**Q** 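Got a structure for you, written out below as C-alpha cells; questions coming shortly.
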Amino acid sequence: MNGLVDELLARLVHGERGVLVRVEKTQGSAPREAGTWMAVWPDGLTATIGGGQLEFQAIGEARDFLAGRSDIDGVQRYPLGPSLGQCCGGVVYLSYRRIGRADVKALQAELLAHLEPVALFGGGHVGAALARLCSTLPFKVRWIDSRDGVFPDALPAQIETEHSDPVQDAVAQLAPGSRVLIMSFSHAEDLDIVIACLKRIRARNDLPYVGLIGSKTKWATFRHRLEARGFTEDELARITCPIGVPGITGKEPEVIAVAVAAQLLQGLYAG
C-alpha cells in the first residue's frame, strides 16, 4: 500500500530535494481544484495538478526554482486560455515552495489535513481492498477492528489503524463529517456499529454517509431489529445497504472496493 503522500515523504526522508507546487485558488473552469498539489523533483514528479500546458510550464518553473536559476516570489497567476492555450479557459493561481528532509513532519500534517475522513470498520479482505484504494483517493482512513493482528505492518500515511473492543465504542470518537463503512467479521458487530452510528446521528447529525455491507436480506433483518429498538423510518433511511454503486455485481473484494469508493466519491462531489 503506497499513496502519493508516502511517495513524497519517502523521497524527502532519503535526502532528495524538490519543489511543492500547489493550486492556491482558481477562477472559472480549471483542471483541478484549490488544494491540489504536485511535487517536482529533478528526475520526476509525484502527483499532478491536471496535466496539459499548465503543468508543463509549472514543472519547468519549479525545476528552475529548485536549481537556483530563478526565484519565484509569491503566488503566480496563469490564465489558461490566452497564454497557455488550454480549453478550460479559467485562471489558476499556483504557489511554489522548496522542500527537503526537514519539512517531512509538517508536510505530512499539511497534506493530510484537507482529506475527507472515512471510518472503515473491518479488517477483512474487502476492508483491506478498500483501504488500499482509498489511500489513492482524497480520503483519510481510520481503519478499525476489534481483533488484534489484523492490520498490515506497513500502511500509507493516509491510513490510521485502531483496535477497539467493543468495536462500536470507536464511533463516538470519529471526526465530524466522517463517512462510515461497516464490514466487520460478524453480523453482531455490524449491528452494534450501526446502532452506535444512528445514536450519533440522532445526537449530532454529523455522519453524512453510513454504509453497511450486505444483501437486501441482511438489511431487512437489521431493519426489523432496529425498528424494535425505536429507530424511526427517517433514521433508518440514513443507512445505505447494500453499499456500492448499482450495476456492479462482482463479489471479488477489489470489485466491491471500486463500487463502494465510487459511491463515496459521488457523495463527496455531489453539488
Side-chain angles (χ1 to χ4, degrees), residues 1 3-5 33 35-36 111-146 150-151 155-164 167-185 189-214 218-219 222-223 226 231 234-248 253-271:
M1 297 183 184
L4 294 171
V5 174
E33 65 280 357
T36 301
L111 296 180
L112 296 181
H114 75 284
L115 300 175
E116 295 293 328
V118 168
L120 173 57
F121 287 88
H125 295 299
V126 177
L130 256 171
R132 283 195 299 272
L133 183 54
C134 285
S135 73
T136 68
L137 299 171
F139 298 117
K140 179 168 56 178
V141 180
R142 189 170 177 180
W143 195 8
I144 306 158
D145 203 289
S146 63
V150 299
F151 301 119
L155 289 168
Q158 287 176 232
I159 301 175
E160 175 187 2
T161 61
E162 178 180 346
H163 173 263
S164 180
V167 68
Q168 67 271 17
D169 282 1
V171 172
Q173 305 304 319
L174 298 181
S178 292
R179 289 158 174 83
V180 182
L181 298 167
I182 303 168
M183 49 192 70
S184 80
F185 71 95
E189 277 201 352
D190 283 351
L191 182 61
D192 287 339
I193 299 164
V194 170
I195 290 169
C197 288
L198 286 171
K199 288 180 177 178
R200 173 155 172 171
I201 289 171
R202 180 183 286 176
R204 298 166 60 179
N205 194 28
D206 64 350
L207 302 177
Y209 174 94
V210 178
L212 169 67
I213 199 169
K218 176 180 177 178
W219 177 236
F222 273 39
R223 188 181 187 90
L226 294 166
F231 292 105
D234 287 344
E235 288 175 320
L236 296 181
R238 298 290 297 272
I239 308 298
T240 299
C241 183
I243 53 174
V245 294
I248 300 178
E254 292 78 13
V255 173
I256 297 171
V258 168
V260 174
Q263 192 169 60
L264 291 179
L265 291 170
Q266 283 180 331
L268 180 63
Y269 294 119

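We're numbering straight along the sequence, starting at 1. All of these numbers come straight from a predicted model, not from anything done at the bench. Basis for what follows: all heavy atoms, side chains included, without hydrogens, waters or symmetry-related copies.
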**Q** If you count the non-hydrogen atoms of other residues, nucleotides and ligands that lie under 6.0 Å from NZ in Lys199, is the total more than 12?
**A** no
**Q** Contact between Leu265 and Phe139 at the side-chain level, heavy atoms closer than 4.5 Å - yes or no?
**A** yes
**Q** Answer whether the closest heavy-atom distance between the side chains of Leu264 and Leu268 falls below 4.5 Å.
**A** no
**Q** Taking Arg142 for its side chain and Glu162 for its backbone only, find out whether a donor-acceptor pair lies under 3.5 Å.
**A** no
**Q** Any luck finding a side-chain donor-acceptor pair between Ser164 and Asp169 under 3.5 Å?
**A** no
**Q** Measure from the side-chain N and O atoms of Asp206 to the backbone N and O of Gly177, and report whether any donor-acceptor pair falls under 3.5 Å.
**A** no
**Q** Evaluate the side-chain proximity of Tyr269 to Pro138: yes if any heavy-atom separation is below 4.5 Å, no if none is.
**A** yes
**Q** So, taking the atom named CZ in Phe231 and the one named CZ in Arg223, what distance separates them when rounded to the nearest 0.5 Å?
**A** 13.0 Å
**Q** Got Leu112 and Gln158 here, is their nearest side-chain heavy-atom distance under 4.5 Å?
**A** yes
**Q** Roughly how far, to the nearest 0.5 Å, is the CZ atom of Arg179 from the CG atom of Leu174?
**A** 13.0 Å
**Q** If we only count heavy atoms from C-beta on, is the Ile195 to Gln168 side-chain gap below 4.5 Å?
**A** no
**Q** Hey, what do you get for CD (Glu235) to SG (Cys197), rounding to the nearest 0.5 Å?
**A** 12.5 Å
**Q** Before giving the answer on side-chain contact (heavy atoms from CB on, under 4.5 Å), spell out for Leu4 and Thr136 the whole-Å C-alpha distance, their side-chain angles and the decisive distance to 0.1 Å.
**A** CA-CA 7 Å; Leu4 294 171; Thr136 68; over 6 Å; no
**Q** May I have the step-by-step check of side-chain contact (heavy atoms from CB on, under 4.5 Å) for Ile144 and His163, ending in yes or no?
**A** CA-CA 6 Å; Ile144 306 158; His163 173 263; over 6 Å; no
**Q** So, are Lys140 and Glu116 salt-bridged, with charged N and O less than 4.0 Å apart?
**A** no
**Q** Just distance, no hydrogens or angles: give the donor-acceptor pairs under 3.5 Å from side chains in residues 117-131, sequence neighbours left out.
**A**
none

**Q** Which residues pass the salt bridge (charged side-chain N to carboxylate O under 4.0 Å, His left out) test with Glu189, sequence neighbours left out?
**A** none
**Q** Run the numbers on Val180 and Tyr209 for side-chain contact (heavy atoms from CB on, under 4.5 Å), then give the verdict.
**A** CA-CA 6 Å; Val180 182; Tyr209 174 94; 5.9 Å; no
**Q** Please report the interatomic distance CZ(Arg202) to CG(Asp234), rounded to the nearest 0.5 Å.
**A** 11.5 Å
**Q** Looking at every heavy atom in both Ala172 and Arg204, which two are closest together, and how far apart are they?
**A** O-NH1, 3.7 Å
**Q** Is any side-chain heavy atom of Leu115 less than 4.5 Å from a side-chain heavy atom of Val141?
**A** no
**Q** Using every non-hydrogen atom in the two residues, find where Val167 and Ser146 come nearest and quote the distance to one decimal.
**A** CB-CB, 4.0 Å
**Q** Are side-chain heavy atoms of Phe151 and Ile159 found at a separation under 4.5 Å?
**A** no
**Q** Just distance, no hydrogens or angles: give the donor-acceptor pairs under 3.5 Å from side chains in residues 237-245, sequence neighbours left out.
**A**
{"residue": "Arg238", "atom": "NH1", "partner": "Asn205", "partner atom": "OD1", "Å": "2.9"}
{"residue": "Arg238", "atom": "NH2", "partner": "Asn205", "partner atom": "OD1", "Å": "3.1"}
{"residue": "Arg238", "atom": "NH2", "partner": "Leu207", "partner atom": "O", "Å": "3.3"}

**Q** List the steps, then state whether side-chain contact (heavy atoms from CB on, under 4.5 Å) holds for Val171 with Ile193.
**A** CA-CA 7 Å; Val171 172; Ile193 299 164; 4.2 Å; yes
**Q** Once you round to the nearest 0.5 Å, how far does CZ of Phe222 lie from CG of Leu191?
**A** 5.0 Å
**Q** A side-chain contact here means heavy atoms from C-beta on lying under 4.5 Å apart; do Ile182 and Ile213 qualify?
**A** no
